[in-house]
Amino acid sequence: DPQERAFQERIDAGGKIEPKDWMPDGYRKTLIRQIGQHAHSEIVGQLPEGNWITRAPTLERKAILLAKVQDEAGHGLYLYCAAETLGVTRDQMTRDLLSGKMKYSSIFNYPTLTWADMGAVGWLVDGAAIMNQVPLQRTSYGPYARAMVRICKEESFHQRQGFDIMMKMAKGTPEQKRMAQDALNRFWYPSLMMFGPSDAESVHSAQSMAWKIKMNSNDELRQKFVDLTAPQADYLGLTIPDENLKWNEEKGGYDFSEPDWDEFFDVLKGNGPCSVERLEDRNRAWDEGRWVREAMLAHADKKRAAKLAAE
Amino acid sequence: DPQERAFQERIDAGGKIEPKDWMPDGYRKTLIRQIGQHAHSEIVGQLPEGNWITRAPTLERKAILLAKVQDEAGHGLYLYCAAETLGVTRDQMTRDLLSGKMKYSSIFNYPTLTWADMGAVGWLVDGAAIMNQVPLQRTSYGPYARAMVRICKEESFHQRQGFDIMMKMAKGTPEQKRMAQDALNRFWYPSLMMFGPSDAESVHSAQSMAWKIKMNSNDELRQKFVDLTAPQADYLGLTIPDENLKWNEEKGGYDFSEPDWDEFFDVLKGNGPCSVERLEDRNRAWDEGRWVREAMLAHADKKRAAKLAAE
Amino acid sequence: MGELQKNTRFEHLLRLADTNLILGHRMSEWIGKSPILEEELALTNIGLDLIGQARALYEHAVAVSGEEDNRDADDLVFLRDAPEYKNLLLVERENGDFAHTMVRQMFYSAFAVPVWEALTRSVDSEVAGIAGRAEKESLYHLRHASEWILRMGDGTEESHQRVQDAVDALWMYTGEMFDMDEVETAAFEAGHGVDLTAVRSEWEKTVREVLTAATLDYPEDCWMLKGGRTGKHTEHLGHLLSDMQFLQRAYPGQKW
Amino acid sequence: MGELQKNTRFEHLLRLADTNLILGHRMSEWIGKSPILEEELALTNIGLDLIGQARALYEHAVAVSGEEDNRDADDLVFLRDAPEYKNLLLVERENGDFAHTMVRQMFYSAFAVPVWEALTRSVDSEVAGIAGRAEKESLYHLRHASEWILRMGDGTEESHQRVQDAVDALWMYTGEMFDMDEVETAAFEAGHGVDLTAVRSEWEKTVREVLTAATLDYPEDCWMLKGGRTGKHTEHLGHLLSDMQFLQRAYPGQKW
């Protein structure tokens, strides 16, 4: 197919695909899935942090966390907009999220149990997210790449704030340090899982790489994340819960244990500790907001009708 | 009317009226109103205490408060049963409560703002209630009198428990003492109001006294309450918020200030600080329980039908 | 214009700060529950503005109280129990539905705008500075809430009913705002405060305009609840505080 | 039968106590919200029983821990944060509707009855004594909840659906009950604890009977959540504690 060949050549040459350009069906579908899932993750990702906003321990922490969660809603908006350029509506994607048809990042199915989790989420979860996202600023689909540029700028800020919370806890009282270590223990492996299973087992990977909607292999990014994070844990005086973690001079990176992939696939199937609750919460918000959205539409219709009548 | 005369003579002679006896319409109606209102007060009265049950400061206090609120539900039951002997159903009375047609004691329209309020409610509110209820053990209507005997036994226990909370607070830290004094300040006048307006302004009083469904005048009971309570406040080291309170040797009782009767009538009209919320809470419980009550009836019907079919 | 006593000045600042803090906190409870995504951003924005205003006021209050009182802004927020809070009752009410939240916001912002405007002329230059920024923010809050009330009032039958219910239910909390007690009077006379009775007519005008445009009934005069400014609250506040203050209470004196 | 280490014995008592306390606390949240008045009495009764059981266990745990740990029963309840609580996850769930509350109670009581029964033979005579009374109470709780499940299951279409939803939603919290970890195993082997794997079959039998009678489906095997006994809780517990512990946290060391 010459059209397809031209498309691939354009990508290979570093060109950007824009909404009105021709694209293969698979490209469109994969992108919708990927961007939609990313958008949903921003939205569902508000919930574990929302759980601690009302309990933030200082005014400053409260404001920072609120601003962060607001940014996440904003990222959700950018991404839904990017996905909409591919011919799907935000409402449709939302319905697919609420019915469980579309996924979001499994990490948000873990509970946030102490204030230190706000640190761990920022440091590890946002850290892993950035690792995934930075290369996507160069992705082949224009609207997606541009959304990523805006998002990455804010995410790195969040990651620093998370690290700062972690630092305060790790250098705090013995109780605080215990909470920090416990948060690291609980979030370490789920964070490693955020890069997805080893490429050998990952579906779609090769095609997505060719299309430049996936820029690096999962294992490659995971390695980078560990290499960056392990010294940070050291600096905090915390211990990564992996006996096998150690520097490998030869490969110039850390050796580390694989996460429990059975757990990963379990959580993916909806068996995370909070999977049910997260979807329940999103569904409740959607259902309880129905009358508001209806009012909004009804009012807009009335205004339009009045305007027409006046013309 | 000879029937009415015989009825009154029986009452005058200290006889009891029983459900199947003839009684004047006014007697029946007044009793339904009075017993129903009393029953409703027990039910609504659970709410201000329920507000602190989950925050009770020790296991013992938690258990005592739970048991007390349970007793109140029990009192409600006795009283609804007594009222039902007069030919009205509990459901009808409940609906009249929920629609605002029937009243409950205005005291429960005041909020409970600190733990000391649990003391003040027991000491003052239950204290005032007992003052009203003890003579009603000799009321002319049999079922009502018998319900009162059971209730009074438990109420005096509650009153002692309230006093005990108050004592702990009044003899505690300066913060606790401040809370205790503040609770007394807020509950003193509303407690005085519990006896109703001065007899001069009270409707129905004379007839109710003749029928022995009211045994003492409002002012008489209020005076008794003040005479009993003032020394208790002294003992606690708390100050009753009334500059005019002082012992009057001549009358053998305390002089004291009248409560603000404008406020009383305002609250009676539904303008108490918590009037709206109390009725909202009761309505919500009733509405949310509808499907349970329907299930209960449907299941009973099924069982009855199955039993009939088997016969 | 007399000198304002230090404790009256502190008390006056605390009232303003507490009201903004508690309303900001209520807004933060909306996280993850908004009817549309855009509103998630807007409600958080309002919450951030209010908490920011509160924080500036607490910090100034701490400076005003000086050495006699060694509490910092976080101590004021996280270590006072309900009777020491001096916020308006209106803002401590549970959020209820979106209509209740928006009507509460409109009632408060229609009050806050003229109050901040007057405070830009406070003899306390720090307060005047805070007020300048806060007035602009409150204008945005007022516009935002009013637009929603218009949509809901002139939307569907259900939304009209819900927003009218909210107006009626919250009305009895509005009277307290204009109450000139000793503290407010002293603050006003010393050039630190605002003549709240004068604010009332502007508030009524704003509210009437919003409700009329939204085809809603302006409530009749009714009994008004008060007590917030003197620490006599509703039962709602204690529960808000037990949540908000948990960490500072459970782990006293730690750095976060 | 070996000697049980003091800290394992303490831990084992704490797990039992915490589970009963938290469920009792959840029951107390029903005050003023029951669907019928008789149930207001019954739910409070269950709550009182459970809190009473917890209290006896905490007091015994305090005695067991001896001088090394100078906390009293109230300290254990009011001054531990969520990760130190060792209750089953099932009981910390928010109440939900009446169906959820009754199913949760039935699931727990069907477990508690054989556990208490076995504990009447504990080598710890204090525990055996507590268990004797608690077994009778739990039997009543089980019967009470089962009767309601029957009424709801075999009631209206709506009630059937609600109670089935509750069964399905709570199922994943039940597996944890039968988990024999180190503490449970050590306690069992020393004659202090219960063989929970053996309890499972009795539990399944009871639950199956109740559900069948109520025309409800017995759920299929599914993934089971765990962590409560080792302090890894759901997000619900922290909110429960911030409410429950407020006074002791805000006014430390005072007498009530």
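Chain letters run A, B, ... following the sequence lines, proteins first, then strands; residues in each count from 1.
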**Student:** Using a cut-off of under 4.5 Å on heavy-atom pairs, state which of B:Q70, B:Q46, B:K168 scores highest against chain D.
**Tutor:** B:Q70
**Student:** So for D:A99, is it side chain, backbone, both, or neither that comes closer than 4.5 Å to the heavy atoms of chain B?
**Tutor:**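 It is both, since atoms from each part get that close.
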**Student:** Using the ring pair (Phe, Tyr, Trp, His ring centres under 6.0 Å) criterion, which residues pair with D:Y218? Sequence neighbours excluded.
**Tutor:**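 Only D:W171 meet the ring pair (Phe, Tyr, Trp, His ring centres under 6.0 Å) criterion with D:Y218.
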**Student:** Within the distance-only criterion (no hydrogens, no angle test), does the side chain of B:Q176 pair as donor or acceptor with the backbone N or O of D:K255 below 3.5 angstrom?
**Tutor:**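 Present.
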**Student:** Non-hydrogen atoms of chain D under 4.5 Å away: do they reach the side chain of B:R284, the backbone, both or neither?
**Tutor:** neither
**Student:** Side chain to side chain contact (heavy atoms under 4.5 Å, CB included), that's the test. Do B:E288 and D:D97 meet it? Break it down for me.
**Tutor:** CA-CA 8 Å; B:E288 288 181 356; D:D97 67 8; over 6 Å; no
**Student:** Between B:I165 and chain D, with a heavy-atom cut-off of 4.5 Å, which part of the residue counts as in contact: side chain, backbone, both or neither?
**Tutor:**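 No part of it gets close to chain D.
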**Student:** With only heavy atoms counted, which part of B:M179 is less than 4.5 Å from chain D, the side chain, the backbone, both or neither?
**Tutor:**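 For B:M179, the contact with chain D is made by the side chain alone.
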**Student:** Side chains of B:I43 and D:E40: closer than 4.5 Å at any heavy-atom pair?
**Tutor:**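 No, their side chains stay 4.5 Å or more apart.
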**Student:** Distance only, no hydrogens: is a donor on one side chain within 3.5 Å (strictly under) of an acceptor on the other, for B:T173 and D:Q254?
**Tutor:** yes
**Student:** Would you compute the distance between atom NZ of D:K33 and atom CZ of B:R282 and round it to the nearest 0.5 angstrom?
**Tutor:** 10.5 Å
**Student:** Considering non-hydrogen atoms only, spot the tightest contact between D:F78 and B:L59 and give its length.
**Tutor:** CE1-N, 3.7 Å
**Student:** Measure distances from B:K62 to the heavy atoms of chain D and classify the residue's part below 4.5 Å as side chain, backbone, both or neither.
**Tutor:** side chain
**Student:** Less than 4.5 Å apart, any side-chain heavy atom of D:I31 and any of B:L66?
**Tutor:**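 Of all side-chain heavy-atom pairs linking B:L66 with D:I31, at least one is under 4.5 Å.
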**Student:** Could you look at D:L150 and say if it's the side chain, the backbone, both or neither that has a heavy atom under 4.5 Å from chain B?
**Tutor:**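 Contact with chain B involves both backbone and side-chain atoms of D:L150.
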**Student:** Below 4.5 Å from any heavy atom of chain B, which atoms of D:L41 appear? Answer side chain, backbone, both or neither.
**Tutor:**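 Both backbone and side chain.
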**Student:** Could you walk me through whether D:D74 and B:E60 satisfy the side chain to side chain contact (heavy atoms under 4.5 Å, CB included) test, starting with their C-alpha distance in whole Å, then the side-chain angles of each, then the deciding distance to 0.1 Å, before giving a yes or no?
**Tutor:** CA-CA 9 Å; D:D74 284 326; B:E60 187 180 5; 5.9 Å; no
**Student:** B:R55 side chain to D:L247 main-chain N or O, any donor-acceptor pair under 3.5 Å?
**Tutor:**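 The answer is no, because no donor-acceptor pair under 3.5 Å joins these two groups.
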**Student:** Would a distance-only check, ignoring hydrogens and angles, find a side-chain to backbone donor-acceptor pair under 3.5 Å from B:R61 to D:W256?
**Tutor:** yes
**Student:** Would you mind checking which part of D:I36 comes under 4.5 Å of any heavy atom in chain B, side chain (CB onward), backbone (N, CA, C, O), both or neither?
**Tutor:** side chain
**Student:** Distance-only, no hydrogens or angles: does the D:R151 side chain make a donor-acceptor pair with backbone N or O of B:A298 under 3.5 Å?
**Tutor:**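 It does not hold such a pair.
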